[in-house]
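Okay, so here's the structure we're looking at.
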Amino acid sequence: MNIQEFLKDKLETNQTVLTEFESKELLKQIGIPIPNHRLSSSKEETISAAKDIGFPLVLKLIAEDIVHKSDTGAVILNIKTETEVVKAFDELMQIPSQKEKMISVQKMADEPITELIIGMTTDAQFGPALMFGIGGILVELLEDVSFRIAPITEYDAKEMIHEIKGFPILDGYRGKPKADLNAIVETLLKISELVTKHEEINEMDLNPVFIYDKGLICVDARIILRKPDTEE
Ligand code: ADP
Ligand code: MG
């Protein structure tokens, strides 16, 4: 994937919201780990993708007009047999959508120490800003997140991680292993570099990223592009 050309193609066809599959392919390209995944559109393709990737699996309905997948039942976790694959396929295909429906067959990632949210928004004044937080209620209810204007340094990334109130959760809370902070730093730096280089990217939402004592993996992502400036 040539990122520059990929983004140009998307804008030329007026697609500003990249699907989960496209967003994660782009992340893979810059070295951020994602679960092995494949898109399929028929039952047969879905079964053969399942066999190639191996259980346990997650099946998701991917369509341009489905944004919050779990709200509409478009995410089915912990699929362990071929029979369950067929059942999940049938269920997902019944979810209404005006757009082309595809199934993402993806490896189910191991249970993390905690879920993280890593994002990027564009500030009207300062341009791209990176965001970091711990997933779940810490972000939803308590808005426990940190921000930095891109591009960031390694030092900035470390500060972003340490300054959230939920930091103890990453630091061996209640006998859990310590999270791989270095993997988070590297991920923040990669995203900083990506958005600095590609101004077409207006928003990124890696939600969630699963963090472990060694490494991390991004299980859901959304990238939104900026419509090119119309001529005045
Ligand atoms: P939504 O569009 O609703 O945000 P997600 O793709 O984030 O849907 O899936 C919902 C939840 O399912 C995630 O927050 C995560 O906990 C879990 N999940 C999704 N994909 C995977 C995966 N590949 N492996 C393990 N868990 C996953
Ligand atoms: Mg999500």
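All values reported here derive from a predicted model rather than from experimental measurement.
- A salt bridge between Glu25 and Lys28 is present, with a side-chain N of the basic residue lying under 4.0 Å from a carboxylate O of the acidic one.
- Side chains of Thr122 and Arg226 form a contact here, defined as non-hydrogen atoms less than 4.5 Å apart.
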### Message
I'd like to know whether Asp65 forms a salt bridge (Lys or Arg N to Asp or Glu O under 4.0 Å) with Lys99, so could you lay out the CA-CA distance, the side-chain angles of the two residues, the decisive distance to 0.1 Å, and finally the verdict.
### Response
CA-CA 6 Å; Asp65 56 353; Lys99 301 281 185 171; over 6 Å; no
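- Annotation: the span from Ile62 atom CD1 to Glu100 atom CD amounts to 11.5 Å, rounded to 0.5 Å.
- The pair Glu163-Arg148 meets the salt-bridge criterion, since a charged nitrogen lies less than 4.0 angstrom from a carboxylate oxygen.
- Between Lys8 and Glu200, no side-chain nitrogen of the basic residue sits less than 4.0 Å from a carboxylate oxygen of the acidic one, so the salt-bridge criterion is not met.
- Using a 4.5 Å heavy-atom cutoff, the side chains of Leu11 and Lys227 are not in contact.
- The hydrophobic cluster containing Ile117 also includes Met131, Val139, Val145, Phe147, under a criterion of side-chain heavy atoms closer than 4.5 Å among ILVMFWY residues, counted directly or through chains of members.
- Leu77 places a side-chain heavy atom less than 4.5 Å from the side chain of Met108.
- In summary, Arg38 and Glu45 do not engage in a salt bridge, as defined by a charged side-chain N under 4.0 Å from a carboxylate O.
- Residues Lys69 and Asp220 are paired through a salt bridge, judged by an N-O separation under 4.0 Å between the basic side chain and the carboxylate.
- With contacts defined as side-chain heavy-atom distances shorter than 4.5 Å, the pair Lys107/His37 does not qualify.
- Counting non-hydrogen atoms of other residues, nucleotides and ligands closer than 6.0 Å to CD of Glu159 gives a total above 12.
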Solution key, residues 203-217 side-chain donor-acceptor pairs under 3.5 Å, sequence neighbours excluded:
{"unit_1": "Tyr212", "atom_1": "OH", "unit_2": "Asp110", "atom_2": "N", "d": "3.4"}
{"unit_1": "Tyr212", "atom_1": "OH", "unit_2": "Asp110", "atom_2": "O", "d": "2.5"}

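- When side chains are defined from C-beta on, Ile223 counts as touching Leu26, because their heavy atoms get closer than 4.5 Å.
- The side-chain heavy atoms of Leu138 and Ile164, taken from C-beta on, include no pair separated by under 4.5 Å.
- Summarising the geometry, atom NZ belonging to Lys43 is positioned 9.0 Å from atom OG1 belonging to Thr46; distances are rounded to the nearest 0.5 Å.
- Put simply, Val185 and Leu194 are part of the same group of oily side chains (I, L, V, M, F, W, Y) that touch within less than 4.5 Å, one to the next.
- A salt bridge between Glu193 and Lys197 is absent, with no side-chain N of the basic residue lying under 4.0 Å from a carboxylate O of the acidic one.
- Under a hydrophobic-cluster definition in which Ile, Leu, Val, Met, Phe, Trp and Tyr are linked whenever side-chain heavy atoms come within less than 4.5 Å, directly or via other members, Ile103 and Ile79 are assigned to the same cluster.
- Residues Arg222 and Glu20 are not paired through a salt bridge, judged by the lack of any N-O separation under 4.0 Å between the basic side chain and the carboxylate.
- Remark: the Gln15 side chain and the Glu22 side chain contain an N/O donor-acceptor pair separated by less than 3.5 Å.
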